[in-house]
Amino acid sequence: MSGNIAIVQGDITQAKVDAIVNAANPKMLGGGGVDGAIHRAAGPKLLEECRKLKATNGIRCPFGEARITSAGNLNAKYVIHTAGPIYRNELHPELLLASCYQNCLELALEHQCQSIAFPAISCGAYGYPLEEAANIAIEICQNPRYQNISIHCYLFDDRSYHTWQQQFQRL
Ligand code: AR6
């Protein structure tokens, strides 16, 4: 922990924070990875909440944007869903990944969240290289605008945990 940012290794569904961020897809109706884990832990209420959001051609959350719902059975007030970029599909995935982190933090501010937990958005099925993703994540989280939010970066596996720690010490 340094300042308001903590790098944690573990399961984000166990985070004790006001808002848990979900690495979702634009349809926001569940999936694998951390999305699956969050929906399983939250129970069916979360999917119900997602279904209520406005959809355009099935898209509830375009890539790079974020949406907020209540959190079902999770130990949090909110789930903030964001759709990270599919790395190989984008010319500038870094812009979309940065806007994911930013839009989540803006929603957290709007909803008076004092704490938030992030997974490694886009670093699983969506194929984002860890070092690059860690850099972007930490840089956005370090913006003084977010200094009053306690930010917990949850990394699931050893490799992503060590990468985040290294980038955090470097920046
Ligand atoms: N807690 C924290 N991190 C986790 C957990 C967990 N319980 N489970 C997995 N991770 P991914 P993406 C890590 O694939 O790349 C889904 O199907 C995982 O090790 O979950 O953004 C969605 O519906 C990895 O480092 O998300 C989308 O279709 C990180 O979370 C698509 O995958 C992100 O991996 C989104 O892909």
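Numbers for residues simply follow the sequence, beginning at 1. It should be emphasised that the depicted structure is a prediction, and the values quoted were computed from it without experimental measurement. Side chains included, hydrogens not; waters and symmetry mates left out as well; all remaining heavy atoms used. Each ligand, and each atom within it, is numbered from 1 in the order the structure gives.
The protein non-hydrogen atom at the shortest distance from atom 25 (O) of ligand 1 is Ala120 CB, 3.9 Å. In this structure, atom 13 (C) of ligand 1 lies nearest to the protein heavy atom Phe156 CB, 3.9 Å. The protein heavy-atom contact nearest to atom 28 (O) of ligand 1 is Asn25 ND2, 3.2 Å. Summary of contacts: the protein heavy atom closest to atom 19 (O) of ligand 1 is Asp157 OD1, 3.6 Å.
A heavy-atom distance below 4.5 Å is found between the side chains of Glu106 and Arg145. Looking only at side-chain heavy atoms (C-beta outward), Ser70 and Lys45 come within less than 4.5 Å of each other. Proximity of Gln14 to Asn75: side-chain heavy atoms (C-beta onward) are nowhere separated by under 4.5 Å. When side chains are defined from C-beta on, Glu110 counts as touching Leu107, because their heavy atoms get closer than 4.5 Å.
Where the criterion is an N or O separation shorter than 3.5 Å, residue side chain and backbone included, Ser122 meets it with respect to ligand 1. Residue Ala23 has no nitrogen or oxygen atom sitting less than 3.5 Å from a nitrogen or oxygen atom of ligand 1, judged on distance alone. Of the N or O atoms in Val34, one or more lie within a sub-3.5 Å distance of an N or O in ligand 1. For Gly32, a nitrogen or oxygen atom sits less than 3.5 Å from a nitrogen or oxygen atom of ligand 1, counting backbone and side chain alike. Between Ile12 and ligand 1, an N or O atom pair is found at a separation short of 3.5 Å. Checked by distance only, ligand 1 and Gly124 come closer than 3.5 Å through their nitrogen or oxygen atoms.
Not a single heavy atom of Ser160 sits less than 4.0 Å from an atom of ligand 1. Residue Gly30 places a heavy atom under 4.0 Å from ligand 1. For Gly10, the heavy-atom gap to ligand 1 drops under 4.0 angstrom. Within the 4.0 Å heavy-atom shell around ligand 1 one finds Asp11.
A distance-only check finds a donor-acceptor pair linking the side chain of Asn103 to the backbone of Gly64 [under 3.5 Å]. The closest donor-acceptor contact from the side chain of Thr82 to the backbone of Glu65 lies under 3.5 Å. Using modelled atom types, one side-chain atom of Tyr128 and one backbone atom of Glu94 make a donor-acceptor pair closer than 3.5 Å. With hydrogens and angles disregarded, a donor-acceptor distance shorter than 3.5 Å links the side chain of Asn4 to the backbone of Ile149. Side-chain atoms of Thr69 never come within 3.5 Å of backbone atoms of Cys50 as a donor-acceptor pair (strictly under, hydrogens ignored). Without hydrogens or angle criteria, Arg67 side chain to Leu53 main chain gives no donor-acceptor distance under 3.5 Å.
The atoms of ligand 1 that sit less than 4.0 Å from any heavy atom of Asp35 are 22 (C), 23 (O). Near Ala37, meaning under 4.0 Å from one of its heavy atoms, ligand 1 places the atoms 7 (N).
Selection from Ala133, Ala125, Cys123 by nearest heavy atom to atom 14 (O) of ligand 1 gives Ala125. Of the candidates Phe118, Tyr154, Tyr126, it is Tyr126 that places a heavy atom closest to atom 31 (C) of ligand 1.
The pair Glu49-Lys52 meets the salt-bridge criterion, with a side-chain N (NZ, NE, NH1 or NH2) lying under 4.0 Å from an Asp/Glu carboxylate O.
His152 and Ser115 share no donor-acceptor pair across their side chains, judged by distance under 3.5 Å alone.
Protein heavy atoms are found less than 4.0 angstrom from atom 6 (C) of ligand 1.
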